Every structure is written in C-alpha cells, then in structure tokens.
Number of protein chains: 2
Amino acid sequence: MKRYEEVYKDIEKKILSGSFPAGSYLPSENELKEEFLVSRETIRKALNLLMNAGLIQKKQGKGSMVIERKLLNFPVSGLTSYKELQRQQGFTSKTKVVKLFKKKINALDAERTGFPLDSEVWYLLRERLIDGKSVVLDEDILLTSFIPNLTVEIAENSIYDYFENELGLEIAYAEKEITISSVNDEDKLYLALSTNDINVVSIKSRVYLSDSTLFQYTESRHRVDKFRFVDFARRNKI
Amino acid sequence: MKRYEEVYKDIEKKILSGSFPAGSYLPSENELKEEFLVSRETIRKALNLLMNAGLIQKKQGKGSMVIERKLLNFPVSGLTSYKELQRQQGFTSKTKVVKLFKKKINALDAERTGFPLDSEVWYLLRERLIDGKSVVLDEDILLTSFIPNLTVEIAENSIYDYFENELGLEIAYAEKEITISSVNDEDKLYLALSTNDINVVSIKSRVYLSDSTLFQYTESRHRVDKFRFVDFARRNKI
DNA sequence: CAGTGGTCTAGACCACCCG
DNA sequence: GGGTGGTCTAGACCACTGC
C-alpha cells in the first residue's frame, strides 16, 4: 500500500473511532511527518484526501479540524455501487434479477445510452427490496465487449465487485442526472407503489473506464417516499 | 494569482474553446512544465484539479485525455449559488424577495437548522422565476452575528457574492440532502403549481465557513417538472 | 514572535503503455 | 527502451493565526 494511503487510513480510523473527536485538531503536519516517518508532502496528500472526503477542514495558520457530521450522516453521493452503500450504511436488502439477456442497441437506446447503434449489450433489470417491498428498480445496459459473461448470480451480488476484482476493469467516473419522472408501466409492474403515487425519482448515469470509454448506462427508479440523496460539497475557489 | 491557478485557467480555457478538443491528449507533464516554466508538481496540481472538475482523465503510461461531456452537459452539483449557476448556464431568471426579517431560533428551528436555541438569525424567503413563473422557493436562515446587514437589494442579487467579496467570509463546505416532499401551504401560495402537483423536490443544506462554523441553513423547494440535478462523480479508490 | 498550513522546486525512482 | 503519469523526498519561502 502506498504511504499516503496508509496515513489516510490510519487517520480515518482514528476519526471514525473517536480517537480524534469532532471539533478537535489533528497533530500538525510537521508532527504527523515525524510520527509516520514520511515527508510533509505525503502527509499533505493524505490530509487533502481527508478534506475532500469531508472528514476534516484545514485552515492556514490554525490546523486541521475534525468535522462534525451532524444530521446528514451518510454520504450517498459519488460513484458508489448499491452493494457498497448497503455495506457502508448497514442496512440489508435483497436484490432480485427480473431480466437478463443480450441485445443489440437500437436507435432509441443509442440516443439515451450513448452507445453506438448495433453495439451488443447486456440488458439487466433488477429490483431492490427492503422489508420485502420493491423500492428501487435498476436498469443496466453494459457493453458485452468488456463483460463477456454475466450471470444471475453475479447480478444478484455486486456487479462492480465482479468488474473490478474479477475482470480488472478500472471504473473511473460517471455523469449522473437526477430528475422526477412520471410512473410508467414497468414501475407499476415491479415497484410496490401506492395508488396515489404518480412520480418516481429517476437517476440516469453513464459510467466510464479510466481510458474514458463508456461502458455502462444505468437508470434507477426510486419510490419517492424512499428516496434520499445526501451529498458533501466543497466550495470551488478556482 | 498562484502559478497552478494560472496553469489551470489556461488549460481550462483551451479545453472550453476547443483548442484541446474532446478525445485528444494534453501535452505531457514534462512538456507543460517547459511551456509554463514551472516544476512538474505544479503542473500535476493543476491537472489534478482539472481531473476533479471532470475536464480531463489521466491515465498512467498514456497521458491526460480531454473528456467529452455528452448529454449531461452542465454540472449543477457542488456548492454553487443560484446566481452563479445562472451566469454559468446562461439562463436568465428573476429573484423576488418574499420575506426578510430578523428572528430568534425557536426549538423547532434549532432542530432542523442546527443553530443553537435563541440565536439571532435572518429569515429570508425568495421566489426564483423563469418565464415569469415561480419554479423554486428558497428559504435561507443566516446567523446575524456574521451578517450584520442584509437588504432586499442584496437578497435580490447574489448573497454569496456579498458574503465573500464584501464581508470577506470564507465559505468552505456544505452538507446537502435531496428528498421528495409533499406540497405544503407555502408551496401552494408561492410556487406556480398545477392542480395535480402533490410533490416538490426539497434540497436542504447546511453551509459552513472555513473555521467549520455553521452559518447558513437553506431549503430550496422545486417544482418537480422543473427539477434537474446533474453531477460528475469519480470513483474513490481509497 | 513561533507555529500553522500553502506554494513551489529539483530530483529520484517506480508502474504502466506501446512500438 | 523511451515516454507517460504516480509516488516520495528534503528543503525553501510565503501567508495566516494567535499569543
């Protein structure tokens, strides 16, 4: 593991466990440099990552204060898979694969997904159930050229884990869009909607690999009463 | 201006103007180092900022490729004020101040805002109008200890501009939460809702200064049909 | 004033990509 | 093997904070 990762992990652990409580200051960069026996730049790299993660706030002349995350506890933003979220947040849910087959991209799909016409893709539709009720409907469209095999078993677990750790794909970034959409037939069919639900929350994403190739399009449709998106944002100065 | 800021701005300009088109590679770090007459670390700092901004994708052994931002064009995430968004995205809208007065935080407000009981705050309610129709209702609660004066004129323009450039406040970060909420009486009164609108999108934020003090609580209520949230997210490896 | 973080440098070595 | 970006270092100077 890289040195700055070790420093990051160590300090993160101490913050989360309460050894560095919210509102307190971390040791200075010079002290941390001595403690970890690395250069100051390495310490600074780790601290900047902690700052971006919303764990500390640095202030010139003062130090690095541990941030208190109040009401809005768990970050649900970023590029994190459903399984990872579940693990982080400690809730348990079940994933049910509704559809899984190969197809070729038609004109309509090309438009919304960004994949070229006639590309061969996996089409995957999954329900996410909490307390036995289906609250999220996940549609995934994935290039078969990157994912030769995809089974129901993999799709019931984390497809990201499979892509990254089995196939060695480097998932780099995503463009996401959240809108409110009218309930459609598929929503009615699979989501446990109440009779007066007329809207669902739609999250569309295009996911890219580290060489900037598009490899996944995904749309999640959420019951409005179960939807919550939490974000930590820093002010851009530049 | 700092050297890395100059490098960032220069490259950003060349990307946005098309001198570095999407899909092409930037000059290598060593070439940029020569061109700008700075050290490689300074170049790297600028490039990492461009990467976080979603403008380029770096790849070890290959280079820094300019990212093509397809359908999902304009980032609406992060910590950016309404006026700034408007300017960036080129749409014009009008802001109408509905309420502006001082008050003391009661028990209910203390709970939702995070301000201590009995703190003196500004209470500000604004409509955002597009094409003459009110599509967003913005409620702001701000500590008077940081903002001694707040006028209708300031509130009709950018309060952030006033805070940062007039008062010298350093806005650092925010916790945000997006949920779907039922229409309430105030929504009915001010938003141009249609008769079958039963939901609005609620964005609650707590905004902190660089010394980690909470100074603003804000809730935006959006008409569901006018709501769109666009985000660029990077996969965390650490 | 001493201590803090912010910027910047010159140089080294490594991991990766590709011809 | 030569070029790319990734990590890490030791050191310098600056800007800000608080006593």
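Keep in mind that what you see is a predicted model, and the values were worked out from it rather than measured.
For the side-chain hydrogen bond (donor to acceptor under 3.5 Å, both in side chains) test, residues two or more places apart in sequence or in another chain that qualify with B:T42 are B:S39. Every side-chain contact (heavy atoms from CB on, under 4.5 Å) that B:E170 has, sequence neighbours left out, goes to A:K59, A:K237, B:S210.
Following rounding to the nearest Å, B:E34 (CD) and C:dT9 (C1') show an atom-to-atom distance of 14 Å. Here the P atom of nucleotide D:dG5 and the CG atom of A:D211 are 16 Å apart, to the nearest Å. Between the OH atom of B:Y8 and the C1' atom of C:dC8 there is a distance of 20 Å, given to the nearest Å. Protein atom CG of A:L37 is 13 Å distant from nucleotide atom C1' of D:dT9, rounded to whole Å. Look at CZ on A:F36: it is 17 Å from P on D:dA10, rounded to the nearest Å.
Between B:F215 and B:Y208, the distance from one ring center to the other does not fall under 6.0 angstrom.
Within the model, atoms CD1 of B:I56 and OH of B:Y25 stand 11.5 Å from one another, a figure rounded to the nearest 0.5 Å.
Taking for each of A:R3 and B:E170 the nucleotide of DNA chain D with the nearest heavy atom, the 5'-most of the two is the partner of A:R3.
Looking at B:E35 and B:K14, a side-chain N of the basic residue comes within less than 4.0 Å of a carboxylate O on the acidic one, giving a salt bridge. Checked for salt-bridge contact, A:E164 and B:R235 meet the test: a charged N lies under 4.0 Å from a carboxylate O.
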When you compare the protein's N or O atoms with those of nucleotides 3-6 of chain C, which come within less than 3.5 Å of each other, and at what distance?
from	atom 1	to	atom 2	distance (Å)
C:dG3	N2	A:G61	O	3.2
C:dT4	OP1	A:S28	OG	3.4
C:dT4	O2	A:G61	N	3.2
C:dG5	OP2	A:E29	N	2.7
C:dG5	N2	A:Q60	OE1	3.3
C:dG6	OP2	A:R44	NH1	2.6
C:dG6	OP2	A:R44	NH2	3.4
C:dG6	OP2	A:K58	NZ	3.0
C:dG6	N7	A:R40	NH2	2.6
C:dG6	O6	A:R40	NH1	3.1

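At C:dT7, none of the side-chain N or O atoms of B:T42 fall inside 4.0 Å of OP1 or OP2 (strictly under the cut-off).
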